[in-house]
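In this text, all values refer to a predicted model and were calculated from it rather than measured experimentally. A, B, ... follow the sequence lines: proteins, then strands. Residue 1 opens every chain.
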Protein chains: 2
Amino acid sequence: MACAQEMRSLFEPRSVAVIGASLDPAKIGHRIVANLVAGGYAGEILPINPKGGTLLGRTMLTSLNELDVAPDLAVISIPAAHVRGAVEQCGRAGVKHAILITSGFAEVGNVQEERNIVACARDHGLRILGPNVFGIYSAAAAMDATFGPGGILPGRVAIVTQSGALGIAMIGRTAAESLGLSALISVGNKADIDEADLLSYLALDAATRVVLLYIEGVRNGERLIDTLRAVVPQRHVIVIKSGRSERGARAAASHTGSLAGADDVFDDIMRQCGVLRATSIEEAFAWSHFLAYAPLPSGEGTVIVTNGGGIGVLATDACEQHGIDLFDDQQALQETLGSAVPEFGSAHNPVDITGGADAAAYEIALGGVIDHPRMRSAIALYCETGLFDVDAFSDLLRRLWSRVRTRKPMVVSLFGGATVEGVIRDLRREGLPVFSDVYDAVSSLGALYTSWRAQQRKTRIAPASDTNMADVQHIVRGALDEGRQALIGEELHELATLLGMSIPASSVAHSLDEALQEAQTIGYPVVLKIVSKDILHRSDAGGVALNLENEQELIDGYQAVLRQSRSNVPGALIAGVEVAEMVRPGVETIVGARQDASFGPVVMFGLGGIYVEVMKDVTFRAAPVSEQDVQEMIADVRAYPLLLGVRGEDRKDIEAIVPLIVRLGQVVSACREITDIEVNPLVVYDQGGGVKALDVRVLLQRTER
Amino acid sequence: MACAQEMRSLFEPRSVAVIGASLDPAKIGHRIVANLVAGGYAGEILPINPKGGTLLGRTMLTSLNELDVAPDLAVISIPAAHVRGAVEQCGRAGVKHAILITSGFAEVGNVQEERNIVACARDHGLRILGPNVFGIYSAAAAMDATFGPGGILPGRVAIVTQSGALGIAMIGRTAAESLGLSALISVGNKADIDEADLLSYLALDAATRVVLLYIEGVRNGERLIDTLRAVVPQRHVIVIKSGRSERGARAAASHTGSLAGADDVFDDIMRQCGVLRATSIEEAFAWSHFLAYAPLPSGEGTVIVTNGGGIGVLATDACEQHGIDLFDDQQALQETLGSAVPEFGSAHNPVDITGGADAAAYEIALGGVIDHPRMRSAIALYCETGLFDVDAFSDLLRRLWSRVRTRKPMVVSLFGGATVEGVIRDLRREGLPVFSDVYDAVSSLGALYTSWRAQQRKTRIAPASDTNMADVQHIVRGALDEGRQALIGEELHELATLLGMSIPASSVAHSLDEALQEAQTIGYPVVLKIVSKDILHRSDAGGVALNLENEQELIDGYQAVLRQSRSNVPGALIAGVEVAEMVRPGVETIVGARQDASFGPVVMFGLGGIYVEVMKDVTFRAAPVSEQDVQEMIADVRAYPLLLGVRGEDRKDIEAIVPLIVRLGQVVSACREITDIEVNPLVVYDQGGGVKALDVRVLLQRTER
């Protein structure tokens, strides 16, 4: 995890130099100084411009060199060609952080200059935010060092955005929505400082309760994951990741120059880290608003109170979609809320107090929920009726709110006309979690529950490895030293044994006689597989013969395997033919591990064959993984019921898959030369029957040691 | 389809009686009269109250009997116990429609009284809306006969809602959002008039361009489907159906007393009918706003113009999600929009004119899209920047809008602070399709494209049946007459032959000798299956023996099948043992047809076994179906690539599945005694190889003939 202390002078500098400060109010260098002044920054503001002059009552310095003490932070907004010089000057002077507002670097292909600047900064221990950013806002220092429109409200939500334009626009939008910010930072090209660095600070920042990340591409995913794992137990973390679709990912790549990670992997890993993924900015803002002030629930069990059956049903649908458990003790509901429900209403949850309900009925019902020890949270719904005034309802809400705000989570949705809309705006400004859309209200409560569950679960430590990594390394290096990028034959067997994989009895025969002898030892039926470093996909090459039941079939199979392999892969160097035990059928799965381009070591699980290839029914986790991670991952695939047993079949031996995936995760985490391990199929038998790895593929790469 | 003419006096009555009119402004009977007056209804308003008096300047009648000419419409708001009497009086007087505002009938279990009222109305040719409704608004007659808050704006959107509370609240909400209505009707308990009746009128109503349905449960689905099929080519139809989740469906059932149909079937059939399904009220309103005034596109090919890369990528993701094809001719984009894009922007679609863009750049880019013959629609995105004023942008939008509004669909999203929000409100009030959320903008355009595609496709007539229905009926009645609820043995073979299903050669043996003889005729390998009306699931009962390759295996199999069937289903009457051709393996599918409780005859398709049972990978269509319906239905399953051929396999014979499903649909549509036909598995071979039905199950019920 990145170091929080290192980021302190970025968020809480004692002094800020603005290099490129300008007298022209239309210029960025002017606006930043103006925002610093207007925002009430209490530290020293040092505008710098070679021409000198006076800006907003401050005498401009002509150069950093005029200062005796270097500023903590320098914001640089000068033409790209001059940036490197300015950074070098900052570095020499002892500036701790520099924000490069200037664009025209990696995002337009000018990669080398960006690298040079970072290298120069590193030489002086100077950390760089940007280039191609709009700056930083930090409530801790009352510092608006952006060129945005100003007027940022201080609060509990920290926004980290990869899109500058969106970030600038968010300044206005958050203010219009009364969404208070603890920080707002644009990371731009992430030449040096990235999300992980910023999160390390925000995790410890007293004001921040929610971190909202807008991400287009992940560069150093491993670091991000480590940081997120440390942050989630302390803070609610929401991510919006664009580039979900294939075309969107292409657009994102051309836009920021960073590779958008495969969206499925991203989605799985965020879930693993307990991060909430929002599908739109509106949704992320709705959640942020609520999570910034809501108390954590004390348990599952939500009660819906509504005066309209229709919105009650819509809310119930939304609860299922967002993983909210509805309180279900009918007797408790009747006892506590029954008197608020007329004969033709329903004390079933959703509790329909009907269109005739007045403030008193709401007070009985919601008051009952608030005071009941096992009703853990409330969803209050109000449909405008001709008969019951929204003003009476809003007064009631304010009273209830003062009772519930620190005790239980409650969300409210009001549906109606202009007056209702006005009431919603007023109540939101006062901090009440009131929404006009039922779905926004429910999804916000769902986000709280999801985040709470992630925070509740014990910190998961991947178990210490019981695999002899030195032996693994030895096998891998042996193959690499022979110039190969894959393990073959005996190497695969050795690795499988090291990983504790039960594999079919087998050995390699170099002649038909040897094959006959081996088959005798193993016992019929057997299978034959060609052994050749030139043939990776043995079935496709005709290099496999299955279910050979006797000597004659073995002889025919042996000849066929050799003939077909030679004819399909002409010139292939054939090391022999593997004779192996014919394996009992079971449920075929695929387990694997690999070095992901964005996220580093990941493990994978899916049901075999068609499920993976056609249905894309696979799940991923960042490695190393705990057993609990793997259990969740297995339960995540849609075809999971197959493992639980369908059509009266027995439950399969899921417990035998778990340690294998844990070990695969350990190996790809420890040994970066292994780019890919795929066990396909891994046959899973009935509970207690274990698993068998039928085929193992291992791909390698040389890394700097 | 229901008759539009019959509904005219409900929507455009020349006179309206309000039975239960009241002097007390808090009473519903008062508010309805007040709304009629305030809404400017031009027909005669006839308040009726036995006590007489003067209401809003109108003398109240003490009874309908005082009138010489019966009113077209009577709105009845009196206690439930008196409703039947009032309905009878209306009927006798010759009133054409009665709206029963009163609640306390089927929704609280008082089913019989509701039936009695409808029966009484039918005797007099009186049609009933309700009971348990809030009334009707109809712009065609400037008639607000509801007890809502008033102030409804006339417009192009007709809302039909099953939830009264939601409908009342929608009155205020639509006015607040400047969403104009052509009609608003609550259907309540649907004792007589249902959505289909109302749609038949709205399909021909000149003002209505969008129909928005809020549905909790479908009662007479067949009629609704027929009507929707007729309406969709004329109007955009949007549906919100609550009770999606299992728990929500239970809540909906307790709330309205009508069974919520299985959501998957509903979803598939709405798609078949070209109906747009919205997930929330907000989404439905956003779509309605746009669809009410947008011109239809002239083709596929949308261009996104943005000043922020981030929202451009978000919009691209949303386009993929909502089925919007992005315009892709790079040369045309460069030629037409290139000059609006600075060096570091992108003329790739999404076209990023960058944060430095001013009104002129937008004008070049969007103007280019408007004038280009192959760019069919536009998505304009604006992120508030410090540098380019939203007022300049809104002026530009108004200019562009006047050029594009009748020519091409365009949606706009503005993202920013309070000023931007104000501009959005103003522009929406002027009718411009401007949204604050990118997703709302894109999903609205997506809804237009989906509806347009449905309108474009030729009316699909299910082909005339080539099945001899008399023979089918004969088989079915024979079985029913024997008191059976399933077809067996020869009956199944005959039906299969009538349906043109290629089934394995087989015949029933009544002794081992016969079995041996049959196997000789058919040729080994063969399979054996027990024949018994007491054994429906033959595999489960051990009544099946597969792949018998010779006489000895046949003998063993014959004995095993009999022994196991007898031991597993003691007392089963065994009619013989079927000897059948052993079928080559292929892709296993399931096809079926049944009488759905909500929707009547439907057909079903899925990939066999696990895909259906575990993955729930099945699709449905309302029958009868056209070949095109079936082709779409088959392509809808997630495992469809299996039929197209994966891993280098050949394409399967999809063309052979299609006519079979068409015929199944014809049979269950024509013969309601057949409740279920399931062909499982239907084995599908490579293209040209046809299909084979391995097992056919047919269930029956007696219906009134």
Side-chain angles (χ1 to χ4, degrees), chain A residues 31 104 107-108 147-149 163 165-166 168-169 172-173 175-176 214 216 242-245 247-248 251-252 254-255 280 282 307-314 316-317 320-321 326 344 346 348 350 352 355 383-386 415-418 420-421 437 439 610 613-615 638-639 641-642 646, chain B residues 31 104 107-108 147-149 163 165-166 168-169 172-173 175-176 214 216 242-245 247-248 251-252 254-255 280 282 307-314 316-317 320 326 344 346 348 350 352 355 383-386 415-418 420-421 437-439 610 613-615 638-639 641-642 646:
Chain A
R31 298 183 70 109
E107 83 280 9
V108 294
F147 59 86
S163 164
L166 207 54
I168 287 284
R173 176 66 73 100
Y214 171 84
E216 286 171 355
S242 67
R244 268 176 184 263
S245 63
R247 177 151 195 150
S254 78
H255 164 55
S280 70
E282 302 256 304
N307 70 340
I311 49 170
V313 180
L314 288 172
T316 306
D317 288 347
E320 184 157 303
Q321 193 185 335
L326 291 185
F344 57 96
S346 166
H348 282 86
D352 184 357
C383 255
E384 188 174 26
T385 66
F415 188 82
V420 171
E421 291 290 308
D437 194 35
Y439 275 82
I610 295 308
E613 287 178 35
V614 178
M615 313 290 270
R638 288 197 302 273
L642 278 183
V646 287
Chain B
R31 300 184 68 109
E107 83 280 10
V108 295
F147 59 85
S163 164
L166 206 55
I168 287 284
R173 176 68 72 101
Y214 171 83
E216 285 170 357
S242 66
R244 270 174 183 262
S245 64
R247 178 154 194 148
S254 78
H255 164 55
S280 69
E282 302 257 302
N307 70 339
I311 49 170
V313 179
L314 287 172
T316 305
D317 288 348
E320 185 158 302
L326 292 185
F344 57 97
S346 167
H348 282 85
D352 184 358
C383 255
E384 188 176 24
T385 66
F415 188 82
V420 171
E421 292 290 307
D437 194 35
V438 171
Y439 275 81
I610 294 308
E613 289 179 33
V614 179
M615 313 291 270
R638 288 196 303 272
L642 278 183
V646 285

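- Taking CD from B:Glu282 and CD from A:Glu282, the interatomic distance works out to 9.0 Å, rounded to the nearest 0.5 Å.
- Put simply, of A:Gly172, A:Pro641, A:Gly104, A:Ala175, the one with the most heavy-atom pairs under 4.5 Å next to chain B is A:Gly172.
- Judged as a salt bridge (charged side-chain N to carboxylate O under 4.0 Å, His left out), and not counting sequence neighbours, A:Glu320 has no contacts.
- For the pair B:Phe415 and A:Leu166, the tightest heavy-atom approach, listed with the atom from each and the gap, is CE2-O, 4.1 Å.
- The nearest pair of heavy atoms linking B:Ala418 to A:Ala176 is N-CB, 3.4 Å.
- Every residue two or more places apart in sequence or in another chain was checked for a side-chain hydrogen bond (donor to acceptor under 3.5 Å, both in side chains) with B:Tyr439, and none qualifies.
- Comparing B:Gly416, B:Ala165, B:Ser280 by how many heavy-atom pairs each has under 4.5 Å with chain A, the most go to B:Gly416.
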